[in-house]
Amino acid sequence: MKPKTDFQEILEVLAAHRVDFIVVSGVSAVLQGAPIATFDLDIVHSRDPANIERLMGALKGLGTHDRCDARKLEPAPTHLASPGHQLLLTTYGPLDLLGEIGAGSGYETLLGEAEEMDLSKVRVKVLGLSALIRTKEEAGRVKDKAMLPVLRGTLAERRGE
Amino acid sequence: MPVQARHRVLGLARELLSEESVNYFDLEDTASLPRLEEPMTALRPLRGLVVIDEVQRRPDLFPILRVLVDRRDSPARFLILGSASGDLLRQTSESLAGRMERVTMGGFTLEEVGIDAEQQLWLRGGFPLSYLAAGEKDSLAWRKNFVHDEAFFLGHPSGGRDRSHPAPRRQAAGDRMHACRRAAPDAFHPKCTSGLGIGAGHHSLSGSQALPHRRKWRGGALSGSCWAVVRHRVAFMTRGGHIPHRLSCRGRGEASAMNNSDAERATQTEPNQGKPTHSPEGIDLTLIRWMLSLTPEERLEVLQSTVQSIQRLRGETED
């Protein structure tokens with residue numbers, strides 16, 4: 001049976017393992033009010049070795065494996081240390097670990113543009129809408145450009161424009 | 001049963017047995033408690049109907065009741081009343097399986113009060129103390145306190161998101177919400193407190209001439225036509241000032257009610273009034289405004305519900 005999506009659960013497990021990460025992309029947009037649908041949780045994680053170790057613990061707790069590999073391999077620390085994207089599947093749905101996004105922005109770069117959000121059971125860092133829009137523009141893919149109007153509209157509404 | 005509906009059952013119980021009877025135990029009454037210090041000794045000799053109210057306070061009674069019910073000559077029959085907590089339901093199922101009939105009671109339904117009383121049911125809701133109040137003011141006062149005290153996620157008096165509410169209280173309110181849903185599965189419990197507050201029972205809706213079709217609601221989002229009825233009713237009661245607090249609905253997020261303060265009504269505007277509904281790129285701005293009216297946690301829940309709905313449609317999940 002396919003996993004039942006529960007992004008909240010994934011976030012709680014990551015937080016419980018004290019993983020340093022920033023929620024980006026679709027879920028970040030939703031948390032800030034964008035009415036969009038997304039099927040995966042994207043996070044940019046710190047690639048500090050200690051954080052990678054904590055992240056590995058969290059991934060184990062989430063029953064995670066590579067969703068692109070039929071062998072369902074578990075992610076390795078070396079994978080998480082790279083700037084690339086790890087496309088994973090957990091017990092609670094798809095989770096993408098992004099080393100860098102946009103024009104090469106990693107955790108430390110994005111940290112200053114993240115805001116903390118309270119989800120009652122967990123506090124998470126979420127990439128601000130302005131920064132999210134910028135990274136989408138930098139990425140320049142068709143699907144990123146397609147999201148820009150709703151993100152800009154949401155930002156405008158939040159600012160009361 | 002929902003706590004607020006127990007008055008109905010209590011009233012019925014008192015029709016059958018006087019509170020003064022030795023067979024009547026109110027476990028919230030300090031006079032009854034000492035009588036049950038030795039429960040088997042106290043209950044075994046009793047004959048006829050025995051009423052035990054607020055039984056959830058003494059879950060240790062269930063195994064004793066099982067023994068008494070299993071007696072060959074069945075000299076006594078027990079009417080046990082209590083709030084439908086998950087623990088209580090589990091305990092009764094475990095101890096008294098096959099020995100009891102469970103009767104769940106919710107608020108008054110349209111079938112019970114009659115179609116002529118539809119407006120009263122809509123305005124006052126189905127819970128007895130509200131519906132049977134002496135007048136509109138008393139009914140409104142009860143509903144006001146009900147919404148405030150129960151704090152079903154959204155019913156904060158300011159209409160905003162009460163982050164100051166301690167988490168345990170919100171959790172307790174949520175637990176009571178779930179207990180109400182479990183206790184009265186045939187009642188209508190939409191994902192918004194305005195439904196409860198306005199007595200929007202399934203039977204109320206199905207009896208309404210405005211509803212184009214009848215569907216037993218078993219949870220999940222309502223159809224668009226059902227929400228149209230709810231919005232119409234909420235708007236009706238908003239104009240009449242019958243809804244005490246500003247509430248908003250999740251799910252479709254389009255029904256909202258206003259605080260009955262005149263000053264607030266005078267300044268309050270519809271969220272989309274005077275504003276464009278779509279951006280030049282065609283983005284639906286009303287959806288954005290609706291999402292912005294929710295807390296971040298609620299937005300995440302909307303997303304998860306949406307994804308799960310799509311997965312169900314695709315047959316990717318079993319439920």
Q) If you round to the nearest 0.5 Å, how far is OG1 of B/T295 from CG of A/D118? A) 9.0 Å
Q. Looking only at heavy atoms, what is the nearest atom pair of B/Q311 and A/T5, with distance?
A. NE2-OG1, 3.2 Å
(Q) Please report the interatomic distance CG(A/L31) to CD(B/E298), rounded to the nearest 0.5 Å. (A) 12.0 Å
Q: Please flag which part of B/I288 lies under 4.5 Å from any non-hydrogen atom of chain A: side chain, backbone, both or neither.
A: both
**Q.** CD1 on B/I283 to CD on A/E157, rounded to 0.5 Å
**A.** 11.5 Å
Q) Between A/V30 and B/M291, does a side chain to side chain contact (heavy atoms under 4.5 Å, CB included) hold up when you go through it step by step? A) CA-CA 8 Å; A/V30 167; B/M291 284 286 278; 3.7 Å; yes
Q | Under 3.5 Å donor-acceptor, B/Q304 side chain and A/F7 backbone | A | yes
Q. Out of curiosity, A/Q32 CD to B/R299 CZ, how far, rounded to the nearest 0.5 Å?
A. 8.0 Å
(Q) Quick check on A/I36 against chain B: is it the side chain, the backbone, both or neither that has a heavy atom closer than 4.5 Å? (A) backbone
Q. Taking all non-hydrogen atoms of both residues, which atom of A/A37 and which atom of B/L303 are closest, and how far apart?
A. CA-CD1, 3.9 Å
Q. What do you reckon, is CZ of A/R123 surrounded by more than 12 foreign heavy atoms closer than 6.0 Å?
A. yes
Q: Give a yes or no on this: more than 12 heavy atoms of other residues, nucleotides or ligands lie within 6.0 Å of atom CD of A/E53.
A: no
Q: Just give me the residue among A/G26, A/P149, A/G33 that pairs up with chain B most often, heavy atom to heavy atom, under 4.5 Å.
A: A/G33
(Q) Can you give me the closest heavy-atom contact between B/L285 and A/G153, atom names plus distance? (A) CD2-CA, 4.5 Å
